[in-house]
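For reference, the structure is listed below as structure tokens.
Naming: A, B, ... by sequence-line order, numbering from 1 per chain. Atoms considered below: every heavy atom in the structure, side chains included; atoms not considered: hydrogens, waters and symmetry mates. Everything numeric in this text was worked out from a predicted model, so none of it was measured.
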Amino acid sequence: MSAQKPWHREALGELPVSYAGDRLACIEPDYSKYFDVRQLRRMSRIIKMGMASGMDALREASIDIPHAIITGTSYGCLEDTGIFLTKMIENQEQALNPTPFIQSTHNTVGSQIALLLQCQGYNQTYTQRAFSFESALIDASMSLEDDPQQFILTGAVDEITTASHRILQRFDIFRTGSTSSLQLFKDKVPGTLNGEGSAFFVLSGTQGKDSVAIEHVVTLYKPSTATLSNAFASCVGSSLLRPADIDLVLVGKSGHIAEDRDTDNIVSNLFPSSSRAVFKHLTGEFPTATALAMALASRIIQGQQIPDWVIEKDAHRPPKNVLIYNPYFGIYHSLILLRAC
Amino acid sequence: MKGRVHVAGIGVISAIGSSVEETMLSFRSAKSGIDKLSLFDSIHQDALPVGEVKLDNLALSDRVAHRANLTRTALLGLHAAKEAVSNASIDLKKWRCGIISATTVGGMDKTENFFVDFLADQNSGKLRDVENHECGKSTEIIADDLGINTFISTINTACSSSVNAIALGARLIQHDKLDVVIAGGSDALSRFTLNGFNSLMILDGEPCRPFDAGRKGLNLGEGAGFLVLVSDRVARAEGRAFSCFVNGFANTNDAFHQTASSPEGRGSYGAMVGALKMSGLEPEAIDYINLHGTGTVNNDLSEGTAVRRLYGQHYPALSSTKAFTGHTLGASGGIEAVFSVLSIQEKCVFPNLRFETAIPEIGIVPQLSFETGRSIKNVMSNSFGFGGNCSSIIFSANDATL
């Protein structure tokens, strides 16, 4: 779920949605298709987003109850946190309704999914900013190394609230006066755009119909230039590939001019013969945007087609080996290597 | 790769001491840290006792050599993590090091003050007070201080968070992704959590009485607890024999209710059984259980039921140390992991303060006094949280030979 219409297999051909301003809000489904009225009344927005995505993934994988549920979220349940905080201040700590407090903890999405499915298995929630989703993937991959027969529901979700958007704006990270989000990388103006979204996957150690393989996940915190370069090589090398074997690099450039320039340099130096694509002009920037990138990359691999609206450099190679590279404000860098089965 | 995951160092700060040494002193003298709230203003000041760390932010920042306007969660975390690393005496630069922290509060202690100004005017409030709001920020601060950048992550599964952090650290070592992991958690007291728990009506207006028939609820606490975990290879290279290792752990979900545990304690039972299964130990091999034991009517009955289901009449020495520290939320797993390691190292068991009468439905009598000179080979620690997140971990003494 993102600011774009859902990336079903068939839908990659459709034109992307453009937004004016600095806030790319999610296009949400009709939740009544997922939950009944009673449930809907109790659920905050981020819970609906995460649970709906989780249910979509399970349906696509034809799994009723996964063995484990692993979630990543950087900001957690912002709406409920804000509601409880506001009431606490306005009411001067008196007569407070516990419901928003209960639903404010980061693990609410993961545990609500467990409750709905009656899944008593391993349940984890990661909240390490732009490594939240990657941590979930690394956790799942270790579990699947130990027991490949499992099915693990893994995903991430982050939301924007009016308060959180205003606060982030005050840190001067967003582009002002943008009239079209799709122009993010064409207009050489500083700043990125705020985004939100949710993406869930059913991961397994056994290959299924239409599977995409996750070969390697790497997180690099404040790496030196040398460490970063080496990481690309060893990530790719871990699957007995060379950089030249990478068909497509899906890059998490964000619109921050200086950082994007560095990113362009690294990618074009290390992967001169690969296609290059971007995604944050569609999704906006937020810590768990890589989950959306992985959803997009998976669809690209499944359909063996790269949509025009993400391509920056087309090397005309069928996308079998796809590397997602996500730099986040220059201090977090992550790599996810995907491969067609 | 597997092999053992050793505990090379421990660090802790809580209401009963800002070091391992101070903590043991409090245990020996049965001195609880639960007292009147003094850290911040609240209408609940006189009504709700809490387990405060007896150092204000200025004193903490002094000790950890960081600026005082960091979040209290970060300051507490720094304090305990640095003690653990110092305690381990391992040159981190030689190894692939990671840090896995855990927190439920994050920077809320500062954010809630920011919000007062922000609510009145969206352009007011000091940005400095919210820049460290995200849970993962406190971990960054600790990682930067310790010079760790190979791997960092943060877990938030409510009250089971830091046990999960330790378990993840162990797995990363066993899968040969890291050699050394600093794992644990930190949580500071805040108006947000105090009011949150109060609105749930599960706080005790008196010092809490875990596992007692007359228990009325929990007292909130704060603190941080970290372990330095190392692989066999590190232990061999350092030529050290460490006192204990992580022998087993499990993470289950109760899937019953967002805040209440199932009456039969199926999540708790599943976590304890899972940890035992991984360790290969029989239940009887456990010498001491550090209970989650918050003092709420629901948890203690549920956890006690699970313990009885596992042990019948023949349960090992067990106690809740939350009568000393209060419930330190996301830090509780890390803090109590340190206590579990101390139990093995000092061959002791900790008392369950303020216990008078067993819960009639389960009839469990916990350890009533601090005792040393015990044979403690295997210790289990339980941490159960909101959202049904149940985790259990077992630490075991290393034999003389590695």
Going by heavy atoms in the side chains, are [X] and [Y] under 4.5 Å from each other?
{"X": "B:Val130", "Y": "A:Phe171", "answer": "yes"}
{"X": "A:Phe131", "Y": "B:Ser153", "answer": "no"}
{"X": "A:Tyr126", "Y": "B:Ile100", "answer": "no"}

Max heavy-atom pair count under 4.5 Å with chain B, selected residue of [options]:
{"options": "A:Met88, A:His106, A:Met142", "value": "A:Met142"}
{"options": "A:Thr105, A:Thr127, A:Leu96", "value": "A:Thr127"}
{"options": "A:Thr81, A:Thr227, A:Leu117", "value": "A:Thr81"}
{"options": "A:Leu116, A:Thr125, A:Asn97", "value": "A:Thr125"}

Could you tell me which portion of [X] (side chain, backbone, both or neither) has an atom closer than 4.5 angstrom to a non-hydrogen atom of chain B?
{"X": "A:Pro287", "answer": "side chain"}
{"X": "A:Ala163", "answer": "both"}
{"X": "A:Ile89", "answer": "side chain"}
{"X": "A:Ile69", "answer": "neither"}

With a 4.5 angstrom heavy-atom cut-off, which part of [X] approaches chain A: side chain, backbone, both or neither?
{"X": "B:Ala143", "result": "side chain"}
{"X": "B:Met201", "result": "neither"}
{"X": "B:Leu119", "result": "side chain"}
{"X": "B:Leu194", "result": "neither"}
{"X": "B:Thr104", "result": "neither"}
{"X": "B:Asn198", "result": "neither"}

Taking all non-hydrogen atoms of both residues, which atom of [X] and which atom of [Y] are closest, and how far apart?
{"X": "B:Gly125", "Y": "A:Arg170", "value": "O-NH2, 2.7 Å"}
{"X": "A:Tyr332", "Y": "B:Ile152", "value": "OH-CD1, 4.1 Å"}
{"X": "A:Phe84", "Y": "B:Ser199", "value": "CE1-OG, 4.0 Å"}
{"X": "B:Phe114", "Y": "A:Ile167", "value": "CE2-CD1, 3.7 Å"}

**For A:Tyr221, the option from B:Thr150, B:Asp144, B:Thr139 that meets side chain to side chain donor-acceptor pair (under 3.5 Å)** = B:Asp144

Side chain [X], main chain [Y], donor-acceptor under 3.5 Å:
{"X": "B:Asn389", "Y": "A:Asn123", "result": "yes"}
{"X": "A:Arg129", "Y": "B:Glu140", "result": "no"}
{"X": "B:Asn253", "Y": "A:Ala114", "result": "no"}
{"X": "A:Gln120", "Y": "B:Ala255", "result": "no"}
{"X": "A:Gln128", "Y": "B:Thr154", "result": "yes"}
{"X": "A:Glu93", "Y": "B:Ile43", "result": "yes"}
{"X": "A:Asn107", "Y": "B:Phe386", "result": "yes"}

Can you tell me how far [atom2] of [Y] sits from [atom1] of [X], rounded to the nearest 0.5 angstrom?
{"X": "B:Ser160", "Y": "A:Gln124", "atom1": "OG", "atom2": "CD", "result": "7.0 Å"}
{"X": "B:Asn149", "Y": "A:Leu220", "atom1": "CG", "atom2": "CG", "result": "8.5 Å"}
{"X": "A:Glu145", "Y": "B:His175", "atom1": "CD", "atom2": "NE2", "result": "5.5 Å"}
{"X": "B:Arg191", "Y": "A:Leu85", "atom1": "CZ", "atom2": "CG", "result": "10.0 Å"}
{"X": "A:Tyr122", "Y": "B:Ser391", "atom1": "OH", "atom2": "OG", "result": "8.0 Å"}
{"X": "B:Asn195", "Y": "A:Gln92", "atom1": "CG", "atom2": "CD", "result": "11.5 Å"}

**Message:** Does this structure show an ion pair linking A:Asp139 with B:Arg171, if we count only N-O contacts that are shorter than 4.0 Å?
**Reply:** yes

**Asked** Among B:Leu172, B:Thr252, B:Leu127, B:Leu200, who wins on heavy-atom pairs under 4.5 Å with chain A?
**Response** B:Leu127

**Request:** Give a yes-or-no answer on whether the side chains of A:Gln103 and B:Gln258 include a donor-acceptor pair shorter than 3.5 Å.
**Result:** no

**Request:** Establish, yes or no, whether a centroid distance under 6.0 Å links the rings of A:Phe101 and B:Phe192.
**Result:** yes

